[in-house]
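Just so it is clear, the values below take in all heavy atoms, side chains as well, and ignore hydrogens, waters and symmetry mates. Note that the numbering runs from 1 along the sequence shown for the chain.
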Amino acid sequence: MPSRLPEPSADERAHSDHLLQLLREMIASHGPLPFSQYMERCLYAPGLGYYSAGRTKFGAAGDFVTAPELGPLFARCVIHALQPTLASLGDEADFLELGGGSGAFAEAALLAFADSGTLPRHYLILEPSADLRERQRERLAASLPAELNARVRWLDRPPEQDWRGVLFANEVIDALPATRFTMRDGEVYEEYVALDGEGRLMRVDRPADALVGGAVRHVERDIGNEFAAGYRSEILPQLPYWIQAVAGSLVAGLMLFIDYGYVRREFYLPQRDDGTLMAHYRHHAHNDPLYLPGLNDLTASVDFTALAEAGNSAGFSVAAYLPQAQFLIGAGLQAIFEHEQAQAADEHARYRLSQQVKTLMLPDQMGERFQAMLLARGLDVLALPAELMAADQGGRL
């Protein structure tokens, strides 16, 4: 691994070694692991996976910064865009956030809802990490008025009863365990993680099963080209099942996904022949997913065409698709920024607000790399800002 990466502490290395030993035992007992299973263990193994252990993940002290961590502007724009839909669904409508992170989004969102005069019946957080759930509880209890905090509920699994409202997911799809595939002699192979003769992790390829092979062939048909020999990338054959699992009971409302990614023909460009998989460690991005398992966030960019297809298969239609910068402009960023500037306590606070806008909006930051997709079901009218709908680029999907 390049020396530019920070050295882990002794405790961190011991933590990673513990997970590594677990992975070795799994491979020794059951054979090589599909990369998707390896990624799932690295991120979500109880007590050992990246999102299941106690180390700080978000913000300057963690490994990466998400939009909600920058400050309240992002959440206020999101709520400004979604509040009319929530209001139209009545007093029984809920707001569901998938993966609450540090709790920064929930804090700003509930305050924005209160300012708008529309509050969800419940603010639901589907958070699989016990550690993150506890951090969210502590943050919201300390920062929110009691009447707002009382609306928050944590879920262990998606709602099973029919519900109405809004589902929101920021940087969630990129962390779903990705299948890695490659092409050999015109056939689809799947990437696995195995052990070499000295017990070290290594990547190997095996013939793909029918599910993975069928998903890859579908992409080839859709883009009108066969992948070249040696081409390697990621795919999420489980995405339609995942969408059905998390949103199948949402009978009326909107889903908003914001993540980094591309439409399909840009995701699978010929020159992007090693995919989009990245590891993030203390604000350093690298491309070795086998390095220090459990200490790195592993992610792959989102194929938004696949997300649209998965939404369609679950009974949703694409209401809008556009870059994050255009979404935020359409969601009232200018007015929200001016209001926050006027309320800022001093010049330093105004500078921080300006920096938030730059990071959220500039093409080489989050503005173009991140995309927003709105999916709707059971709504008679789409109560979305006209400026947002005018910027829709759904035709690119």
Side-chain angles (χ1 to χ4, degrees), residues 23 26-27 30-45 49-51 128 169 171-195 201-223 225-246 257 259-270 272-280 287-291 293 296-311 313-314:
L23 291 166
M26 292 176 65
I27 294 169
H30 304 290
L33 291 174
F35 183 83
S36 57
Q37 289 186 24
Y38 168 80
M39 182 171 172
E40 191 275 335
R41 294 288 84 193
C42 286
L43 296 180
Y44 304 111
Y50 180 80
Y51 286 108
E171 293 197 51
V172 170
I173 306 290
D174 68 83
L176 293 181
T179 295
R180 292 267 288 173
F181 72 90
T182 190
M183 307 301 294
R184 288 188 185 180
D185 301 320
E187 298 298 325
V188 183
Y189 280 69
E190 183 176 353
E191 186 174 299
Y192 282 68
V193 176
L195 298 175
L201 299 179
M202 61 180 291
R203 293 190 274 178
V204 298
D205 298 325
R206 288 184 163 189
D209 63 19
L211 179 64
V212 173
V216 172
R217 296 305 186 192
H218 169 73
V219 169
E220 288 184 318
R221 288 192 297 272
D222 195 41
I223 63 178
N225 282 305
E226 293 183 358
F227 292 119
Y231 190 91
R232 191 177 297 269
S233 192
E234 299 84 34
I235 199 163
L236 291 174
Q238 79 275 27
L239 189 56
Y241 310 102
W242 183 84
I243 290 288
Q244 182 62 39
V246 299
F257 295 93
D259 222 315
Y260 44 90
Y262 313 90
V263 297
R264 176 167 288 155
R265 64 179 177 275
E266 295 172 0
F267 190 106
Y268 295 108
L269 287 172
R272 191 172 283 124
D273 58 2
D274 195 32
T276 66
L277 182 72
M278 293 297 294
H280 300 272
N287 59 3
D288 183 1
L290 306 185
Y291 177 67
N296 290 264
D297 183 28
L298 304 180
T299 71
S301 295
V302 177
D303 172 1
F304 275 91
T305 304
L307 181 57
E309 291 172 345
S313 72

Can you check whether [Y]'s main-chain N or O pairs, donor with acceptor, with [X]'s side chain at less than 3.5 Å?
| X | Y | answer |
| --- | --- | --- |
| Tyr50 | Pro293 | no |
| Asp209 | Leu211 | yes |
| Asp259 | Ile173 | yes |

Please round to the nearest 0.5 Å and tell me the distance separating atom [atom1] of [X] and atom [atom2] of [Y].
| X | Y | atom1 | atom2 | value |
| --- | --- | --- | --- | --- |
| Ser36 | Leu236 | OG | CG | 9.5 Å |
| Tyr268 | Ile235 | OH | CD1 | 4.0 Å |
| Met39 | Glu234 | CE | CD | 8.5 Å |
| Thr276 | Tyr262 | OG1 | OH | 7.0 Å |
| Tyr51 | Leu43 | OH | CG | 6.5 Å |
| Thr299 | Glu171 | OG1 | CD | 8.0 Å |

**OP:** Flag yes if more than 12 heavy atoms outside Glu220 fall under 6.0 Å of its CD atom; otherwise flag no.
**Re:**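 Atom CD in Glu220 is packed in, count exceeds 12.
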Mind checking whether [X] and [Y] have side chains closer than 4.5 Å, heavy atoms only?
| X | Y | value |
| --- | --- | --- |
| Arg265 | Thr305 | no |
| Phe227 | Val188 | no |
| Pro34 | Glu190 | yes |
| Phe267 | Ser301 | yes |
| His30 | Gln37 | no |

Looking only at heavy atoms, which two atoms of [X] and [Y] are closest? And how far apart?
| X | Y | value |
| --- | --- | --- |
| Asn287 | Arg203 | O-NH2, 4.2 Å |
| Pro237 | Ala215 | CB-CB, 4.1 Å |
| Ala279 | Leu298 | CB-CD2, 3.7 Å |
| Tyr38 | Leu290 | OH-CA, 3.3 Å |
| Leu176 | Gln238 | CB-NE2, 4.4 Å |

**OP:** Take Asn296 and Tyr291, measure what side-chain hydrogen bond (donor to acceptor under 3.5 Å, both in side chains) needs, and give me the verdict at the end.
**Re:** CA-CA 8 Å; Asn296 290 264; Tyr291 177 67; over 6 Å; no
Original post:
With a 4.0 Å cut-off, would you call Arg180 and Asp274 a salt bridge?
Top reply: yes
Subject >> Single hit among Leu201, Val193, Leu277 for side-chain contact (heavy atoms from CB on, under 4.5 Å) with Pro289 >> reply: Leu277
**OP:** Given side chain to side chain contact (heavy atoms under 4.5 Å, CB included), test Trp242 with Val172 step by step and report yes or no.
**Re:** CA-CA 12 Å; Trp242 183 84; Val172 170; 4.0 Å; yes
